[in-house]
> 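This structure is in structure tokens; I'll ask about it shortly.
The chains referred to below are lettered A, B, ... by the order of the sequence lines, with proteins before strands, and numbering in each begins at 1.
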2 protein chains.
Amino acid sequence: MDKKDQYLNPSLTVDVVVFTIVDGELKVLLIKRPHNPFCGFYALPGGFLLKGETMEKAVERLIHDKAGVKKIYFEQLYTFGGLDRDPRGPVFSVAYFALMPKEKIIFADLADAQSPEFWSVKKLPRMAFDHGQIIKYALNRLKMKLEYTNVVYSLLPVVFTLTQLQKIYETILEKKIDKRNFRKKFAQLNLLEDTHKILKGDRARPAKLYAFKHPQKETLKKFF
Amino acid sequence: MDKKDQYLNPSLTVDVVVFTIVDGELKVLLIKRPHNPFCGFYALPGGFLLKGETMEKAVERLIHDKAGVKKIYFEQLYTFGGLDRDPRGPVFSVAYFALMPKEKIIFADLADAQSPEFWSVKKLPRMAFDHGQIIKYALNRLKMKLEYTNVVYSLLPVVFTLTQLQKIYETILEKKIDKRNFRKKFAQLNLLEDTHKILKGDRARPAKLYAFKHPQKETLKKFF
DNA sequence: CCAAAAGTGTTGACTGTACACCCATGT
DNA sequence: ACATGGGTGTACAGTCAACACTTTTGG
């Protein structure tokens with residue numbers, strides 16, 4: 001047997017789980033597959049690497065093409081390599097997870113002909129490949145990162161109220177948080193600055209608007 | 001241009017960072033490369049996938065062939081994909097990290113002709129590819145996991161003294177830990193059981209031997 | 001003046017940390 | 001008897017969780 005024949009020659013793709021929060025629901029970006037396999041099913045944005053392209057560049061390209069947005073937070077998640085993931089043969093997928101604020105969503109004018117949509121993670125459609133599992137994995141990572149880092153900034157516009165901030169935590173962690181304890185915690189973490197602006201318009205007391213001092217990723221001891 | 005030409009067709013390898021502790025030093029398993037590129041440099045055990053082999057199977061195979069051991073703890077670490085990692089072209093490497101107790105080290109009778117050696121992570125030789133960085137990444141992961149999980153069991157023989165346990169923490173985290181607080185913490189975590197055996201032979205007071213009740217991986221709130 | 005969301009402190013329980021001495025054995 | 005590592009408790013500080021009322025606006 002030729003030595004080369006004993007080796008697997010797998011394909012390598014990149015898939016991205018893009019999360020955002022709209023109307024108090026955590027959503028994930030999906031695309032309806034126009035081809036077989038899994039034609040008509042929904043899938044994560046993904047695809048092969050182009051020549052000379054790193055995985056990170058590919059992720060940026062995918063995010064730009066499918067969500068019309070640049071420069072959002074993303075990180076590598078996990079590499080999935082089950083032999084039966086794709087009926088066409090061995091395809092290894094390096095999954096990334098990304099976060100964006102809903103304010104950046106633009107679907108008009110996309111370079112790509114496919115039809116990206118945000119779906120609530122609570123009611124996902126039938127998913128192609130093992131993408132359902134990948135989303136589950138990403139969700140878990142998101143919950144972890146919310147508790148140990150300040151990534152939440154990537155889901156928010158530059159200025160926001162403390163209530164908006166709290167609601168993101170409550171939505172993703174799926175639990176109620178005490179308002180006073182929440183605000184106390186953030187106050188002592190010293191991550192936010194008061195913009196001295198105020199959000200009116202609600203038919204209620206106006207809220208102060210805050211911004212992150214350092215929107216870089218930071219790892220802290222314990223958030224929640 | 002043919003459509004296929006725009007896609008990268010990378011190779012995919014698996015590399016394993018096997019840690020163990022010997023004589024109070026954290027060691028990593030390395031192999032001296034017998035071929036170019038980087039002939040004579042040291043590298044992590046790794047290689048291509050065989051036909052019909054998952055990444056996990058490949059890791060088990062590598063660990064068995066290079067360290068002569070089966071059934072040790074391992075998990076996926078990260079996928080490295082820099083375009084210049086390998087001078088021969090784009091090679092993506094899915095890195096795993098593994099832990100084994102020094103008691104299981106057997107170098108005799110290996111299926112593989114190469115020469116595996118354990119090197120202290122404090123004094124690594126010149127490394128091939130980006131393997132130095134991969135080890136650094138793995139080391140970081142190990143520190144994290146020590147603090148949040150009970151993986152330490154994978155570095156220990158089935159029975160051990162509390163002092164052996166503590167020394168592993170001290171070695172890896174590179175800090176002294178208070179003996180009383182350490183023992184108190186482990187007592188309240190309730191992970192250990194007293195085997196009612198005793199380790200004599202030191203010219204000092206004999207020590208009780210403990211074992212993990214559930215050697216499965218568990219994630220706990222906070223260890224250290 | 002009423003509805004709606006913003007804003008604000010205190011207490012008790014728990015957890016982490018600092019710290020020093022006696023005990024059981026081998027030589 | 002002494003050297004060596006094993007084994008044990010207390011007190012203080014910091015953090016977490018529970019809990020209710022007043023304030024400011026729009027309608």
Side-chain angles (χ1 to χ4, degrees), chain A residues 21 23-24 143 146-150 156-157 159-171 173-211 219-224, chain B residues 21 23-24 143-144 146-150 156-157 159-171 173-211 218-224:
Chain A
I21 290 197
D23 300 332
K143 287 181 187 177
L146 258 203
E147 308 209 32
Y148 292 106
T149 72
N150 67 351
L156 284 164
V159 299
F160 50 86
T161 67
L162 294 177
T163 302
Q164 285 166 22
L165 180 65
Q166 182 176 342
K167 280 199 174 136
I168 290 186
Y169 276 91
E170 292 183 335
T171 300
L173 300 178
E174 298 179 279
K175 68 176 184 196
K176 283 257 165 270
I177 299 172
D178 179 87
K179 200 189 347 175
R180 277 172 294 189
N181 292 338
F182 181 87
R183 292 156 107 98
K184 206 188 313 165
K185 176 78 85 41
F186 258 93
Q188 82 194 42
L189 285 172
N190 197 32
L191 298 171
L192 304 182
E193 63 183 3
D194 187 341
T195 63
H196 301 292
K197 293 187 178 160
I198 281 183
L199 180 68
K200 296 201 181 199
D202 249 336
R203 55 176 162 183
R205 177 168 173 176
K208 284 189 181 176
L209 286 164
Y210 292 85
T219 303
L220 307 189
K221 274 292 160 193
K222 183 78 172 72
F223 270 58
F224 291 95
Chain B
I21 291 198
D23 300 331
K143 288 181 187 176
M144 299 293 199
L146 258 205
E147 307 210 32
Y148 292 107
T149 72
N150 67 350
L156 284 164
V159 300
F160 49 87
T161 67
L162 294 177
T163 301
Q164 284 167 22
L165 182 63
Q166 181 176 344
K167 279 199 174 137
I168 291 187
Y169 275 91
E170 292 182 335
T171 300
L173 300 179
E174 299 179 280
K175 66 177 186 196
K176 283 256 165 273
I177 299 172
D178 180 86
K179 203 196 333 182
R180 278 172 293 191
N181 293 337
F182 182 86
R183 291 157 108 98
K184 204 190 316 166
K185 174 77 88 41
F186 258 92
Q188 83 194 38
L189 285 172
N190 198 33
L191 296 171
L192 304 182
E193 62 183 5
D194 187 342
T195 64
H196 300 293
K197 294 184 175 158
I198 281 184
L199 179 68
K200 296 202 181 198
D202 249 335
R203 56 174 164 185
R205 177 170 174 178
K208 285 188 183 176
L209 286 164
Y210 291 85
E218 286 180 38
T219 304
L220 306 189
K221 275 293 160 190
K222 182 80 171 71
F223 272 57
F224 291 95

> Once you round it to whole Å, what is the distance between C1' of D/dT8 and CD of B/Gln188?
15 Å
> Do A/Tyr210 and A/Phe160 have their ring centres less than 6.0 Å from each other?
no
> Using rotation axes that map the C1' atoms of four end pairs onto the next four (five pairs an end), what angle separates the end axes of the helix from C/dC1-D/dG27 to C/dT27-D/dA1, to 10°?
0°
> Not counting sequence neighbours, which residues clear side chain to side chain contact (heavy atoms under 4.5 Å, CB included) with B/Lys143? List them please.
B/Leu139, B/Ile172, B/Leu173, B/Glu174
> Mind calculating the distance between CD1 (B/Ile198) and C1' (C/dA24) to the nearest angstrom?
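About 10 Å, once rounded to whole Å.
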> Mind calculating the distance between CZ (A/Phe186) and P (C/dG7) to the nearest angstrom?
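It works out to 15 Å between those atoms.
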> To the nearest angstrom, how far is A/Phe182 atom CZ from D/dA17 atom P?
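It works out to 13 Å between those atoms.
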> Please report, rounded to the nearest Å, how far the P atom of D/dA18 is from the CD1 atom of A/Ile177.
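Taking CD1 of A/Ile177 and P of D/dA18, I get 12 Å after rounding.
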> What's the NZ-C1' distance between B/Lys197 and D/dG6, to the nearest Å?
20 Å
> Nearest whole Å is fine: how far is D/dT15 C1' from A/Glu147 CD?
16 Å
> Determine whether A/Leu162 and A/Leu192 satisfy the following criterion, side-chain contact (heavy atoms from CB on, under 4.5 Å), listing intermediate values before the conclusion.
CA-CA 10 Å; A/Leu162 294 177; A/Leu192 304 182; 3.7 Å; yes
> Is there any protein nitrogen or oxygen under 3.5 Å from a nitrogen or oxygen in nucleotides 22-27 of chain D, and what are the pairs?
unit_1: D/dT23; atom_1: O2; unit_2: A/Arg205; atom_2: NH1; d: 2.9
unit_1: D/dT24; atom_1: O2; unit_2: A/Arg205; atom_2: N; d: 3.2

> Tell me, do A/Leu165 and A/Tyr169 make a side-chain contact under 4.5 Å, heavy atoms counted?
yes
> How would you list all residue pairs meeting side-chain hydrogen bond (donor to acceptor under 3.5 Å, both in side chains) that involve residues 188-205 of chain B, not counting sequence neighbours?
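Listed once each, the pairs are B/Asn190-B/Lys213.
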> Could you give the distance from CG (B/Leu156) to OG1 (B/Thr161), rounded to the nearest 0.5 Å?
9.0 Å
> Where do N or O atoms of nucleotides 8-13 of chain C meet protein N or O atoms at under 3.5 Å, pair by pair?
unit_1: C/dT10; atom_1: O4; unit_2: A/Lys184; atom_2: NZ; d: 3.0

> Would you check if B/Leu209 and B/Ile198 make a side-chain contact, meaning some heavy-atom pair closer than 4.5 Å?
no
> Check side chain to side chain donor-acceptor pair (under 3.5 Å) between B/Gln166 and all other residues, then give those that pass, not counting sequence neighbours.
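With neighbours one apart ignored, the set is B/Glu170.
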> Expressed in angstrom and rounded to an integer, what is the separation of B/Leu165 atom CG from D/dG6 atom C1'?
14 Å
> Within the 4.5 Å heavy-atom criterion, are B/Leu199 and B/Gln164 side-chain neighbours or not?
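Contact flag for B/Leu199/B/Gln164 side chains = yes.
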> B/Arg183 and side chain to side chain contact (heavy atoms under 4.5 Å, CB included): which single residue from B/Thr163, B/Ile177, B/Asp178 fits?
B/Thr163
> How many angstroms lie between CG in B/Asn150 and CG in B/Leu191, if you round to the nearest 0.5 Å?
6.0 Å
> When you check the phosphate oxygens OP1 and OP2 of D/dG6, does a side-chain N or O of B/Thr163 lie under 4.0 Å from one of them?
yes
